[in-house]
Amino acid sequence: MKERSLIAVLICGAGAAGLTLAIDLARRGVPFRLIEKMERPFPGSRGKGIQPRTQEVFEDLGIIDRLVAAGGVYPPSREYRDDGSHAESDMVEPHEPTPAEPHQLALMVPQFLTERVMRERLAEFGHHVEFGCELVGFEQDEGGVTARLVGPVGEETVRARYLVGADGGRSFVRGTLGVDFPGKTLGVRAMVADVLLTGLDREVWHQFNRGDMERQVAICPLAGTDLFQLQAPIPLEGEVDLSAEGLERMVASRTGRSGIRVQSVSWASAYTMNARLAERYRVGRVFLVGDAAHIHPPTGGQGLNTSVQDAYNLGWKLAAVLGGAADRLLDSYEEERRPVAESVLGLSTRLLEAMKRGVNRRTRDVRQLDIGYPQSSLALGSSAHSGVLLAGDRAPDAPLRGAAGCSRRLFELFAGPHWTLVGFETGVDLVAPRRGLRIHKVGVGRELMDEAGHLRDAYGLAPGEWVLVRPDGYVGAIIASDEGNALDSYLAGVGLGVEGEVRTA
């Protein structure tokens, strides 16, 4: 058995959650390994919807333009009626971008393309996924986690400060921890397949027999590919023929059309829908993210998005504690993210019940732009502030003008692994500069100008107020100019009062 040197974080599972965490740790210089027991990347389209809030995350990670280029937007939905007619509608309520919310439409990017873009981004930081490497056991103590891996080099032992289970709904990490995964089976079994077919155009999402759980079938062109995604409910028991011939017979039976030909199948799966939530997200030095912590029905396109945002919440906190911040900062991960997953489970389940009735309309709540952590222990408010935005809320974007004349955006200031402190029409400094904190002042004669008042409107700041934005794009604090001592204490608590490099031992 080979024994390797100590690393900071071992990530088990290289889906969207594991890749998000890896990219975030890589840009922070945190030593880690990302292992995946599958021999090769996931080949399917399963999580194809990227919601606006996740697009903001991907903008920060430097891949949003690549993902838009790789995929596209959702096509209109065409519902075919029994009398031979059809009607078209937008599945997602259309909304125009605003200065505060620049991303409004859900993107369609098949999961295998999303993860490919993420792996390419990870490679730019000098890291890669270790495919064919399986976690087969682990133990933890006060100093770290000792993990046993089996991979191409044989069996080895790895010592890590922290272990993160991003290993899916049947998580080995969660099972080894003995964390309960309560919830329910939702009484729906379905199949999904990525296929090459002829006989349908690629301009719409074809919907047949909507609301009929025995005859319903949806055939959606997958943006960025030549494939269609085929979705249909199937009987709760029995084998399902997922070959090209079997799927073609199903399509013919349910659509009443003989001209739709399934030429090949690149990926297919039959599954039972569940809604489950792990009782704990943290056990000592081990964390659960993504499907290892929660599984949802696919309605509403919430699963991948919630998973990405789990990892985005955890990454900066791991880096901060490894850099010297108090360990209790890591408790805020479960405190903040578990209630979000609980809410999303309810939303996905409600959308599933609506789908059974033939209703497949998605409103603002699927975009995840209103998710926040107002009750978090990391939300520092001010008794003097009564604006439209509160500590714990998502930090909006806003266009600004630099003193040199160039157009700027708040999201540009936030981008990167740092914290951001913005003063609105302030006269004096609030805290001293320090590593990991970017300080900007907005107002006449300052470095940035809010010419159109978009920052003022979105944040509701009064002259002399400051807003502190966390590395994950949420408001940490909104305080007045005479509350510098409170902010100093807050910053020290999240590791910004401590100098030094990331520690791995």
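Keep in mind it's a predicted model, so treat the numbers as computed, not measured. Just so you know, residue 1 is the first one in the sequence shown, and it goes up from there.
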[X]: partners by ring-ring contact (aromatic ring centres under 6.0 Å, His included), with sequence neighbours left out:
X      : answer
Tyr474 : Tyr373
Phe414 : none
Phe208 : Tyr80
Tyr333 : Tyr281

[X]: what forms a side-chain contact (heavy atoms from CB on, under 4.5 Å) with it, not counting sequence neighbours?
X      : result
Gln375 : none
Pro99  : Pro399, His454
Ala22  : Ile11, Phe32, Leu34, Leu122

Requested in this report: Can you establish whether the number of heavy atoms outside Asp226 located under 6.0 Å from its atom CG is more than 12?
Outcome: no

Checking [X] now: which residues fulfil side-chain hydrogen bond (donor to acceptor under 3.5 Å, both in side chains) with it, not counting sequence neighbours?
X      : value
Arg254 : none
Gln111 : Glu115
Asp83  : Ser85
Arg257 : none

**Report entry** Cation-pi geometry met for Arg202 and Phe228 (6.0 Å, 45°)
**Finding:** yes

Query raised in the report: Within 45° of the six-membered ring axis of Tyr162 and under 6.0 Å from that ring's centre, is NZ or CZ of Arg285 located there?
Result: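 Output yes; distance and angle both within limits.
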
Query raised in the report: Is there a donor-acceptor pair closer than 3.5 Å between any side-chain N or O of Glu334 and the backbone N or O of Arg280?
Result: no

Report task. Name all pairs fulfilling the ring-ring contact (aromatic ring centres under 6.0 Å, His included) condition that reach into residues 301-322, sequence neighbours left out, sorted by first residue then second. Result ->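 Of all non-adjacent pairs touching residues 301-322, those that pass ring-ring contact (aromatic ring centres under 6.0 Å, His included) are Trp316-Trp419.
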
Query - CZ on Arg119 to CG on Leu19, rounded to 0.5 Å - result: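 It is 7.0 Å, given to the nearest 0.5 Å.
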
Query raised in the report: Any side-chain donor paired with an acceptor under 3.5 Å for Glu101 and His95?
Result: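 Glu101 vs His95: no donor-acceptor pair found between side chains.
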
